[in-house]
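I have placed the structure first, in the form of structure tokens, so that the comments after it can refer back to it.
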Number of protein chains: 2
Amino acid sequence: MQAYHQPDEIRTVTNRLLDMLIDYYSSPKSSKAVNYRSKEELVKAFYQSEPPNEERPLDDVLKEFKESILPASVKTWHPLFMNQMFAGASFPSIIGDLMASMMNPTLATWEASPVATIIEKNVSQWMAQMMGLPKGSWGIFLPGGSLSNLIALTIARNQFFGMDIRRTGIPMEKKPVLICSEASHYSIANAANILGLGSDHLLKIKTRVNGSMDTNDLEEQLQQCDRNHQTPFAIIATMGLTVSGCFDPLDEMAGICKPRGIHIHVDAAFGGGMALTQKGKRHFTGIEHADTLTWDAHKTLHMPLTSSVLLLPNPQLLKSVFSQKEATYLFHPQPEHEIEDLGKYTPLCGKRFDALKLWLLWHTYGTENFREQAENRFKLTEDFGAYLKSTEDFHMDYQSESPISCFHWAPKEWQKVDRKLRAPYSNKLHRTIREEIKQDGNAFFNIALLNSMDQFRFILINPLTTLDQLKDLVSEIRARALAYCNKHPQPFQSSGEQR
Amino acid sequence: MQAYHQPDEIRTVTNRLLDMLIDYYSSPKSSKAVNYRSKEELVKAFYQSEPPNEERPLDDVLKEFKESILPASVKTWHPLFMNQMFAGASFPSIIGDLMASMMNPTLATWEASPVATIIEKNVSQWMAQMMGLPKGSWGIFLPGGSLSNLIALTIARNQFFGMDIRRTGIPMEKKPVLICSEASHYSIANAANILGLGSDHLLKIKTRVNGSMDTNDLEEQLQQCDRNHQTPFAIIATMGLTVSGCFDPLDEMAGICKPRGIHIHVDAAFGGGMALTQKGKRHFTGIEHADTLTWDAHKTLHMPLTSSVLLLPNPQLLKSVFSQKEATYLFHPQPEHEIEDLGKYTPLCGKRFDALKLWLLWHTYGTENFREQAENRFKLTEDFGAYLKSTEDFHMDYQSESPISCFHWAPKEWQKVDRKLRAPYSNKLHRTIREEIKQDGNAFFNIALLNSMDQFRFILINPLTTLDQLKDLVSEIRARALAYCNKHPQPFQSSGEQR
């Protein structure tokens with residue numbers, strides 16, 4: 001195996017890598033967003049029931065990846081890949097990820113990862129600062145927003161019920177209640193499960209048209225909790241709701257929950273980046289009440305998966321919940337210092353150096369560039385919203401507050417018909433068109449249910465996406481919609497006319 | 001920002017990267033394992049309270065990393081870096097990690113990550129096969145062994161107490177009990193905390209001299225649980241104990257626990273690789289009783305952090321615990337097929353393509369090479385053990401069963417003195433020597449408490465480490481130990497002589 005560590009081999013392989021990087025980055029539209037092939041076809045081509053027993057030159061395997069696997073994969077870097085809350089990743093951050101793999105530190109102990117520990121703490125501080133958290137806030141990098149939410153809620157639970165819970169377990173007799181809205185991310189339901197609460201102890205508050213939490217319902221539900229002798233211990237405010245991209249009313253929620261001592265977790269995994277924009281930052285009023293905050297840099301800051309941070313005004317809480325006296329072979333007593341073993345701050349032991357790619361990207365782009373990028377994404381979303389409004393047949397139910405646009409197609413004659421009546425037909429039309437375009441491969445976006453109707457959902461997070469591309473796509477959707485209607489009679493229309 | 005995606009820039013940067021990779025890999029001993037500098041010095045050099053606001057050429061930042069950050073970091077790829085349960089990473093797997101970052105899929109849905117989904121499922125199947133799990137076993141890649149253990153124990157809890165627990169929460173009134181040994185990894189204690197159990201509900205079984213579980217105590221403790229009306233629901237068998245590297249008696253444990261319906265989780269995070277060796281595989285007798293199994297490929301298979309897999313004979317269990325009906329915007333109904341959306345199998349949503357680096361490495365090296373490497377690591381550990389035995393002053397308390405050697409120095413005249421009596425002096429000597437050598441920088445290893453005495457702990461997982469290097473290091477330790485004794489009088493010796 002040493003063969004692969006010789007300069008010649010490294011040179012050959014790295015040259016192929018270079019070709020691949022140049023192809024991939026310098027012409028993002030050179031291939032389709034999706035080279036659609038059926039599941040059966042792909043399984044036949046790539047599934048391999050027996051592991052490869054014999055060795056093979058690395059360069060050959062790399063060639064196979066380049067010529068066969070990469071082309072059959074979805075190109076998340078494509079300007080019209082709008083299906084996920086991330087899209088590709090900036091070249092400097094890719095390089096940073098490779099450097100982290102090569103260096104391969106573990107963010108558990110200072111002595112094994114000295115500079116890495118400083119950089120992780122440093123970058124998290126900068127992020128807290130950008131997010132407007134109080135001075136002294138910092139946090140830890142965790143592999144993904146779902147996990148950051150889980151860790152935040154573990155802290156909330158343990159702190160609210162007293163740190164003795166680490167010994168005694170969860171006090172179910174107190175009827176603990178975790179509060180979120182109907183539109184919060186599904187990781188909250190998974191966290192309730194893992195934490196031992198169960199969905200009976202997860203209180204979901206009603207939402208308004210744009211998906212944001214209805215604080216009247218929150219107030220009522222909290223009073224109901226009092227009457228039922230339940231104990232609400234934490235609430236999740238989502239900044240950048242998964243479906244609509246809108247914001248929960250953090251300030252109002254804090255006004256209701258803070259006096260009751262309820263832990264406020266801010267899930268800004270997606271919308272965090274909007275705090276950098278002029279228009280977006282108003283949604284962050286009340287951020288000083290956040291006890292914990294999740295922000296995924298792999299979403300807004302255009303980094304590779306995963307680069308999620310859990311930030312806290314009081315990071316010592318992490319230590320109270322997770323540090324323990326067992327691993328004496330790893331954590332040795334140290335003199336007091338502001339830099340400590342980060343392994344005591346998380347339930348993870350081996351932890352990837354995810355902060356490095358953001359460190360590299362930040363030093364390359366600078367904060368101002370991040371801010372400008374966020375403004376651009378927001379402007380594109382606004383312009384796209386305005387364009388949709390200018391058409392007669394495309395409709396948005398809400399004003400975009402972050403780079404997500406949910407909209408549906410409904411020609412004039414449909415608009416007199418009740419939404420619920422036309423929903424089954426409309427939903428089928430939307431799903432069919434989305435599937436057709438995905439299989440065509442030039443664009444890839446999702447469908448989401450909003451206000452009882454399936455909508456196209458474009459996530460405009462890719463810096464390469466332009467308004468003209470979106471307009472063309474909208475025209476294509478219209479043409480396909482009209483063709484669909486021609487082919488399939490619309491039941492509600494005739495019945496609408498008869499009435 | 002587009003500037004960084006132009007061929008010229010990519011070419012310049014990739015060339016610097018190439019130099020760095022060649023330097024790093026082709027002469028592993030070209031720099032020290034540790035370029036020791038004090039915490040104060042490093043903080044002064046690297047800590048930056050304000051984020052960088054202005055942009056800067058990427059190549060400059062990369063140069064800073066190469067010339068300043070990398071040299072100040074611990075070189076985990078150095079043959080005498082033996083401090084962690086991993087050491088560096090093979091060049092092909094580094095390249096694979098970069099490819100995953102570039103491609104940046106998310107292992108949540110089939111449609112967004114088709115080939116990635118096939119590869120992840122495929123590689124996990126190969127791992128299950130290597131580990132000797134029943135046909136049909138596969139699993140999911142998770143970011144680290146601690147998290148794999150947490151997910152395994154969530155499954156154990158939910159399955160044992162009935163899937164209704166997802167709704168009702170943990171039935172504390174049944175006095176649930178999680179069983180592990182005193183020597184199990186600290187992630188188990190953290191899991192007990194997160195799962196809502198608390199340490200009162202974590203039963204720790206006594207261990208034998210080599211750290212393996214004492215099954216007599218297990219039997220007794222289980223009977224005690226019956227008398228106390230407690231409900232033991234899961235037990236952890238550690239294959240490759242953190243301190244000694246030895247194995248829990250899986251077969252015996254299963255014999256005691258299986259009839260009681262207790263979930264058997266096998267934590268083979270470190271020792272999994274030993275299943276590939278002739279001598280090691282006998283410890284895996286009874287593996288067919290495993291309900292869940294953790295294996296970290298970043299340990300044995302020499303990959304970058306993280307590459308951990310949770311394997312199960314019945315992977316559908318993952319779906320029963322984690323899939324939910326909420327995220328309809330993401331998971332769309334699909335016709336039945338053996339390949340499904342992996343996002344339904346984990347509590348994570350965005351998930352890095354960690355399987356790719358192992359796929360690439362496996363295709364490059366082949367299974368037989370993995371096997372040979374594991375045999376080599378084990379042989380080195382055995383040879384080193386034999387060498388220590390041949391000296392008069394170095395001692396191992398146990399027979400190594402995987403690539404960890406814990407040993408202490410005790411010259412002839414000490415050996416008549418009770419261990420506990422000499423422990424305080426001996427511990428200080430061991431800790432001082434370890435610190436001196438670390439600060440010197442040529443080698444980096446840890447200290448662990450075993451049988452009431454601090455021991456040097458060498459983790460021999462790096463394919464570059466040779467027996468001669470270890471012998472030289474042992475000689476250096478001896479010389480330093482004698483020097484220490486000369487400088488510091490030994491209290492127990494004179495008192496030993498007086499008696």
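Just so it is clear: chains get the letters A, B, ... in the order the sequence lines come, proteins before strands, and each one is counted from 1.
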Ring geometry between A:F86 and A:F81 (parallel below 30°, tilted from 30 to 60°, perpendicular above 60°):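 Correct class here is tilted.
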
With under 30° as parallel and over 60° as perpendicular, where do the rings of A:H363 and A:W126 fit, or are they tilted in between?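 Plane angle over 60°, so perpendicular.
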
Can you tell which of [options] has the highest number of heavy-atom pairs within less than 4.5 Å of chain A?
| options | answer |
| --- | --- |
| B:A87, B:P7, B:A448 | B:P7 |
| B:I119, B:L17, B:N15, B:T328 | B:L17 |
| B:I151, B:N104, B:I69 | B:N104 |
| B:R11, B:Q125, B:H332 | B:H332 |
| B:I194, B:V34, B:L195 | B:I194 |
| B:L449, B:T306, B:T106 | B:T106 |

Pick from [options] with the largest number of heavy-atom pairs that fall under 4.5 Å of chain B:
| options | answer |
| --- | --- |
| A:S49, A:G144, A:A108, A:A191 | A:S49 |
| A:E368, A:E64, A:R166, A:M20 | A:R166 |
| A:L360, A:T154, A:D296, A:N83 | A:L360 |
| A:S146, A:P105, A:S101, A:S187 | A:S101 |
| A:K351, A:E111, A:Q129 | A:E111 |
| A:T109, A:T346, A:L62 | A:L62 |

Would you mind checking which part of [X] comes under 4.5 Å of any heavy atom in chain B, side chain (CB onward), backbone (N, CA, C, O), both or neither?
| X | answer |
| --- | --- |
| A:V243 | side chain |
| A:N158 | side chain |
| A:R457 | side chain |
| A:A112 | both |

Compare all side-chain heavy atoms of [X] with those of [Y] and state whether any distance is below 4.5 angstrom.
| X | Y | result |
| --- | --- | --- |
| B:M172 | B:H201 | yes |
| A:W110 | A:H337 | no |
| A:S68 | A:F46 | yes |
| A:K357 | A:L361 | no |
| B:D97 | A:D97 | no |
| B:L197 | B:P176 | yes |
| B:F353 | B:S113 | no |
| B:W359 | A:V61 | yes |

Side chain, backbone, both or neither: which part of [X] has a heavy atom under 4.5 Å from chain A?
| X | answer |
| --- | --- |
| B:F322 | both |
| B:Q84 | side chain |
| B:P347 | both |
| B:V13 | side chain |
| B:M85 | neither |
| B:D164 | neither |
| B:N53 | both |
| B:L356 | side chain |
| B:L150 | side chain |
| B:K438 | side chain |
| B:T242 | side chain |
| B:A72 | both |
| B:E173 | neither |
| B:E372 | neither |

Short question: side chain of B:R352, backbone of A:L305 - any donor-acceptor pair under 3.5 Å?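 Between the backbone of A:L305 and the side chain of B:R352 there is a qualifying donor-acceptor contact (under 3.5 Å).
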
Short side-chain to backbone donor-acceptor contact, A:S90 and A:M303, under 3.5 Å: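 No; judged by distance alone, with no hydrogens or angles, the pair does not exist.
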
Spacing of A:L18 atom CG and B:T14 atom OG1 [to the nearest 0.5 Å]: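 Separation between the atoms: 4.5 Å.
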
A:W77 and A:H302 aromatic centres sub-6.0 Å: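 Between A:H302 and A:W77, which both carry aromatic rings, the centre distance is below 6.0 Å.
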
Is the Lys NZ or Arg CZ of A:K75 less than 6.0 Å from the centre of A:Y24's six-membered ring, within 45° of the axis?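 Satisfied, under 6.0 Å and within 45°.
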
With a cut-off of 6.0 Å (strictly less than), are more than 12 heavy atoms of other residues, nucleotides or ligands near CD of A:E338?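 Check passes, neighbour count above 12.
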
For a side-chain contact (heavy atoms from CB on, under 4.5 Å) check, start with the C-alpha distance between B:T364 and B:F91, then their side-chain angles and the critical distance, and finish with the verdict. CA-CA 11 Å; B:T364 309; B:F91 178 68; over 6 Å; no

